[in-house]
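Order of the sequence lines sets the chain letters (A, B, ...), proteins ahead of strands, with each chain counted from 1.
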Number of protein chains: 2
Amino acid sequence: MEARRDVFQAIADPTRRAIIDMIAQQPVNVNTIAEQFDVSRQAISLHLKILSECGLLNIKQLGRERLCEAKLEKLNEVHEWVGQYHKLWTGRLNALKKFIEQEELESNKKKAKNINKSKK
Amino acid sequence: MEARRDVFQAIADPTRRAIIDMIAQQPVNVNTIAEQFDVSRQAISLHLKILSECGLLNIKQLGRERLCEAKLEKLNEVHEWVGQYHKLWTGRLNALKKFIEQEELESNKKKAKNINKSKK
DNA sequence: ATATTATGCAACCATTTGCTTGCAAATATA
DNA sequence: TATATTTGCAAGCAAATGGTTGCATAATAT
């Protein structure tokens, strides 16, 4: 059950991203989070556990409640991995690259057809 | 079999991130990619299919080979989601936020009941 | 003291994931 | 033409994922 547990894996799930969106500004307790979703409290609890295990979440016990606080700095790992490519897809370097690609595509047009059909 | 297929899901797998790292600079054909990994060619082929289905990869048929080219601009979705929080975890804004949170926590400790009622 | 609330844990289940091996088809090379 | 290369597809499988329900425990409210 406990296999890969990293930030990339954690934010892959849309529910977990929604949880982060929800608590990014201020800490929220478990039940309040769970009420916002259609799934059971236990399902949310598991998501919180995963977020917590990979360091995206800090849980503070306050009496019988648990306050969930986002530790956004953990997103830095993702930010950096994506960021290293940011300049490659923006700016005129990219425009040039796209131009070249288009040229290549034109010459392969017949065979490229097969590829398109496999797309959603 | 084909369930969620988005960029976040795609880059959650370390092998797929490694593939992107590998082809970010220039297109590479399937077998050449597969040779770099310990898993079978078919396993890599599936990863490529997933990357392709979510738009991170462009496949160009060249004779019997398939050139895999990264479409990095698809990473923009991730870049933006993470980016919206970037300012929250960097700089003195973050220091201030943390300070405020700490203050709030202190006062909440005494009147934890108010939190219960704040739920919808 | 008893009831209510907030939450975790365990068992169970269906689906998805990531991998394997075997086979077929298309293209290139001898 | 015969052979080798590049690749996709299909079947099968173990493990992970995401969900459920039921029960236990601790803290608070009545």
Side-chain angles (χ1 to χ4, degrees), chain A residues 1-6 8-19 27-54 57-68 108 110-119, chain B residues 1-6 8-19 27-54 57-68 108-120:
Chain A
M1 203 193 196
E2 321 300 313
R4 235 184 303 125
R5 195 115 303 179
D6 58 84
F8 286 92
Q9 186 68 27
I11 67 170
D13 185 276
T15 303
R16 287 197 287 268
R17 287 201 300 281
I19 290 174
V28 182
N29 73 311
V30 176
N31 271 4
T32 307
I33 295 172
E35 282 160 13
Q36 300 293 123
F37 297 90
D38 283 341
V39 298
S40 69
R41 180 180 57 76
Q42 286 79 354
I44 296 298
S45 190
L46 179 61
H47 284 308
L48 293 175
K49 193 181 168 200
I50 290 171
L51 288 171
S52 161
E53 279 173 357
C54 77
L57 199 71
N58 217 314
I59 302 182
K60 293 177 185 172
Q61 189 88 35
L62 279 187
R64 65 184 164 185
E65 295 188 12
R66 292 196 161 194
L67 265 196
C68 300
N108 289 319
K110 301 163 196 168
K111 296 167 180 176
K113 257 186 186 174
N114 300 332
I115 296 147
N116 290 338
K117 78 158 191 185
S118 70
K119 286 186 153 191
Chain B
M1 203 194 197
E2 322 299 312
R4 235 182 305 126
R5 196 115 303 177
D6 58 83
F8 286 92
Q9 189 68 28
I11 67 169
D13 186 275
T15 302
R16 288 196 288 270
R17 286 200 301 282
I19 289 174
V28 182
N29 75 312
V30 176
N31 271 3
T32 307
I33 295 172
E35 282 161 12
Q36 300 291 122
F37 296 90
D38 283 341
V39 297
S40 71
R41 178 179 59 74
Q42 286 79 353
I44 296 298
S45 190
L46 179 62
H47 284 308
L48 293 174
K49 193 181 171 202
I50 290 171
L51 287 171
S52 162
E53 279 173 358
C54 77
L57 199 69
N58 218 312
I59 301 182
K60 294 176 183 172
Q61 190 87 34
L62 281 188
R64 67 184 161 181
E65 296 187 11
R66 292 194 160 195
L67 265 197
C68 301
N108 281 341
K109 252 168 194 166
K110 295 162 186 169
K111 45 169 188 173
K113 67 165 108 173
N114 289 339
I115 295 156
N116 302 341
K117 314 210 162 172
S118 75
K119 66 177 188 178
K120 276 208 292 196

Expected rows: protein N/O vs nucleotides 24-27 of chain D N/O, under 3.5 Å:
| from | atom 1 | to | atom 2 | distance (Å) |
| --- | --- | --- | --- | --- |
| D:dA27 | N3 | A:R64 | NH1 | 3.2 |

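- Comparing C:dG8, C:dC19, C:dT17 against the side chain of A:R66 picks out C:dG8 as the nearest.
- Here the side chains of B:I19 and B:V28 are not in contact, with every heavy-atom distance at 4.5 Å or above.
- For the pair A:L67 CG and C:dG8 P, the interatomic distance rounds to 12 Å; values are reported in whole Å.
- Direction change of the helix axis from one end of the helix from C:dA1-D:dT30 to C:dA30-D:dT1 to the other is 20°, with five pairs defining each end axis (rounded to 10°).
- For the OP1/OP2 pair of D:dG18 and a distance below 4.0 Å, the side-chain nitrogens and oxygens of A:R16 include at least one atom meeting the criterion.
- Nearest heavy-atom pair, A:R5 versus A:C54, reported as atom, atom and distance to 0.1 Å: O-CB, 3.9 Å.
- Note: CD1 (B:I11) to P (C:dG18) measures 13 Å, nearest angstrom.
- Between the P atom of D:dT6 and the CG atom of B:L48 lies a distance of 15 Å, rounded to the nearest Å.
- Atom CG of A:D13 is separated from atom P of C:dT15 by 18 Å (rounded to the nearest Å).
- When the nucleotides D:dT17, C:dT7, D:dT7 are ranked by their closest atom to the side chain of A:V30, C:dT7 comes out on top.
- In this structure, the side chains of B:N31 and B:I44 stay at 4.5 Å or more apart for every pair of heavy atoms.
- Remark: P of D:dG18 and CZ of A:F37 are 14 Å apart, rounded to the nearest angstrom.
- Between the CD1 atom in A:I50 and the CG atom in A:D6 there is a gap of 11.5 Å [rounded to 0.5 Å].
- Between the CD atom of A:Q42 and the C1' atom of D:dG18 there is a distance of 13 Å, rounded to whole Å.
- Put simply, the side chain of A:R16 never gets that close to the backbone of A:I11: no donor and acceptor are under 3.5 Å apart.
- The line from CD1 of A:I59 to CG of A:L51 is 9.0 Å long, rounded to the nearest 0.5 Å.
- For the OP1/OP2 pair of C:dC19 and a distance below 4.0 Å, the side-chain nitrogens and oxygens of B:H47 include at least one atom meeting the criterion.
- Nearest nucleotide to the side chain of A:A43, out of D:dT20, C:dT21, C:dT7: D:dT20.
- A close approach under 4.0 Å does occur between a side-chain nitrogen or oxygen of A:N31 and OP1 or OP2 of C:dT7.
- The residue from A:N58, A:L62, A:T32 that alone fulfils the side chain to side chain contact (heavy atoms under 4.5 Å, CB included) condition with A:L67 is A:L62.
- Of the side-chain N and O atoms in B:S45, none sit less than 4.0 angstrom from OP1 or OP2 of D:dT7.
- Residue B:S40 places none of its side-chain N or O atoms closer than 4.0 Å to OP1 or OP2 of C:dC19.
- Rounded to a whole Å, the CG atom of A:L46 is 15 Å from the C1' atom of D:dT21.
- Although no hydrogens or angles enter the test, the distance criterion places a donor-acceptor pair under 3.5 Å between the side chain of A:Q61 and the main chain of A:G63.
- Side-chain N/O atoms of B:N29 include one lying less than 4.0 angstrom from OP1 or OP2 on D:dT7.
- Nearest heavy-atom pair across B:A12 and A:F8 is CB-O, 3.8 Å.
- The two residues B:L57 and B:L48 make their nearest non-hydrogen contact at CD2-O, 3.5 Å.
- The interatomic distance linking A:F8 (CZ) with D:dA16 (P) rounds to 21 Å, in whole Å.
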